[in-house]
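These notes concern the structure reproduced below.
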There are 2 protein chains.
Amino acid sequence: MVAEKRTVDRKRDSQALKGLLGVRDLVLGGGVSPGERLSEVWLAEKLGISRTPLRAALARLEQEGLLEQIPSGGYAVRGFTTADVFDAIELRGVLEGTAARLAAERGVTPAKLKAIKGLILELDKCFRDRPEDMLFDQYVELNAEFHSMLAGLAGSEMMRREVERATQLPFASPSAFLEKQEDVLAFRLSLVHAQRQHRDIVSAIEMREGTRAEALAREHARLARHNLEFVMEEDRSLITRVPGLTLIST
Amino acid sequence: MVAEKRTVDRKRDSQALKGLLGVRDLVLGGGVSPGERLSEVWLAEKLGISRTPLRAALARLEQEGLLEQIPSGGYAVRGFTTADVFDAIELRGVLEGTAARLAAERGVTPAKLKAIKGLILELDKCFRDRPEDMLFDQYVELNAEFHSMLAGLAGSEMMRREVERATQLPFASPSAFLEKQEDVLAFRLSLVHAQRQHRDIVSAIEMREGTRAEALAREHARLARHNLEFVMEEDRSLITRVPGLTLIST
DNA sequence: TGTGTCCAGGCTGTATACAGTGATAGGCCG
DNA sequence: CGGCCTATCACTGTATACAGCCTGGACACA
């Protein structure tokens with residue numbers, strides 16, 4: 001019954017959703033190149049949907065920042081510079097930092113505090129005696145949940161929305177450099193540090209140390225920057241493995 | 001010729017634009033109440049456009065945060081709490097502060113620095129010996145330009161976009177509590193303070209004092225919060241005169 | 001009298017037809 | 001032979017028709 005309801009729900013906006021996911025995958029998967037114009041008819045045919053829901057998807061992806069409008073009409077894949085990616089990461093750090101600061105300043109309900117502390121304990125369990133035994137996939141999932149929960153910790157719906165927004169760009173996501181990277185030693189080692197930062201951020205929030213919480217969250221986002229620098233300078237072959245990094249032009 | 005070109009340009013997306021502006025005016029002007037469901041056919045008929053461009057406008061306004069999607073389909077006017085407005089202002093402060101900090105840290109081109117300093121001088125000219133002679137309208141316009149320029153001072157297109165975004169919500173705009181408020185003494189007096197902050201922000205940026213620039217920009221946004229508190233506690237009749245404030249429910 | 005069910009109306013989501021505009025290629029003139 | 005102009009074509013923006021779903025009300029039964 002529940003499954004059927006969900007099927008119905010999916011079918012309700014299946015076309016628009018199919019278009020959104022389809023175009024996004026196409027862009028991030030490298031099916032289309034930065035700067036390339038996206039033809040509506042071609043896309044509609046390729047995705048098996050009509051132009052109307054496709055246009056809705058395109059408009060949304062433009063808001064997300066993945067596409068840009070062409071003056072003469074239509075949309076094109078947006079190209080990013082390395083500086084853009086740095087800025088997107090910086091922006092996420094600033095917003096997560098603000099969410100952390102507000103949570104500290106305004107106070108967090110005991111229930112929420114308990115929940116996020118439990119999440120940290122769960123994250124701890126992902127680490128094993130031997131680094132190669134680490135539960136990587138579970139860490140990635142829990143890490144995403146942690147950041148999502150952190151965004152909502154201040155109890156401000158508006159702040160939560162904005163943090164989620166800043167996370168939309170694929171390379172700005174807290175999980176951007178984690179997924180499918182378990183075999184890169186440098187990334188694995190940084191997780192120990194990251195987890196320590198998780199703990200400190202929550203601790204600062206609990207002790208109502210707003211400034212410290214903000215600074216820690218900002219610094220935590222810097223890990224992504226370090227990972228990006230590693231990818232760009234040490235091992236550019238990884239570019240294809242981080243979602244969205246193929247959109248970088250210069 | 002130029003005028004004709006512009007007419008053509010307007011006609012190009014006149015329907016979609018007409019829908020966007022029309023619905024926005026309707027929502028902000030109080031033509032529809034918070035929580036109220038917006039019927040597409042009714043709106044399309046009222047605005048004299050078809051449903052297709054209207055839907056594009058509605059989707060965009062949902063991204064802007066003025067509308068929200070109804071689970072059963074369609075859109076409704078989003079209601080805001082006072083806390084939401086506070087948060088929106090706080091958010092603008094944080095983002096403008098980040099733009100100022102990055103400008104200070106990364107340095108600003110002499111041309112841009114000269115331009116924004118010139119803007120400050122222009123703003124100075126709006127003040128007269130007698131407060132009642134103040135060039136209010138010009139101040140409002142120049143103030144908007146100052147904030148727009150500040151957003152782009154860091155030379156980061158991404159940061160500029162995000163600051164502009166945070167400014168979209170009408171009550172979060174730097175001009176929110178300025179327009180049509182020249183006869184409110186409390187607001188007029190705060191402009192002297194605001195202009196001093198403008199000067200200090202630019203000065204901090206020029207001297208590469210990133211932290212100070214960020215703090216000043218954040219505090220500058222707090223002026224809007226003070227104005228909002230004044231409106232809500234001292235003179236609620238002003239609610240109808242600040243664009244978007246009619247959307248506040250609690 | 002209250003509750004559950006069924007029906008009708010309206011509404012959204014989708015598809016498609018059409019018109020206007022920009023781009024491109026080919027031809028003509030210099 | 002090259003540059004400019006023009007005509008055609010493809011593509012987007014818009015309108016509208018259609019189908020499925022949600023909602024509200026009325027009726028029947030407990």
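A, B, ... follow the sequence lines: proteins, then strands. Residue 1 opens every chain.
Judged by distance alone, with hydrogens and angles left aside, A/Ser72 brings no side-chain donor or acceptor close enough to the base of D/dT12 to form a pair under 3.5 Å.
B/Gln69 places its CD atom 15 Å from the P atom of D/dC22, with the value rounded to the nearest Å. Here D/dT14 presents its P atom at 9 Å from CD1 of B/Ile49, a figure rounded to the nearest Å. Remark: P of D/dT16 and CD of B/Gln15 are 11 Å apart, rounded to the nearest angstrom. The interatomic distance linking A/Leu43 (CG) with D/dC11 (C1') rounds to 13 Å, in whole Å.
Annotation: cation-pi geometry not satisfied between B/Arg37 and B/Tyr75 (NZ/CZ under 6.0 angstrom from ring centroid, within 45° of ring axis).
B/Ala103 approaches B/Ala154 most closely through the heavy-atom pair N-CB, 3.7 Å.
The side chain of B/Arg51 contributes no N or O atom lying less than 4.0 Å from OP1 or OP2 of D/dT14. At C/dA15, one or more side-chain N or O atoms of A/Ser50 fall inside 4.0 Å of OP1 or OP2 (strictly under the cut-off).
DNA chain C is contacted by both B/Ser39 and A/Pro53; B/Ser39 maps to the nucleotide lying nearer its 5′ end (nearest heavy atom per residue).
A salt bridge does not link A/Asp87 to B/Arg160: none of the charged nitrogens lies less than 4.0 Å from a carboxylate oxygen.
Closest to the side chain of B/Val41, out of D/dC11, C/dT12, D/dT14, is C/dT12. You'll find that the side chain of B/Glu40 is closest to C/dT12, out of D/dA15, C/dT12, D/dT12.
Under the 3.5 Å distance criterion, the side-chain polar atoms of A/Ser148 are left unmatched by any main-chain donor or acceptor of A/Ala144.
Contacts of A/Leu38 with the nucleic acid, taken as non-hydrogen atoms under 4.0 Å apart, involve only primed sugar atoms and P, OP1 or OP2.
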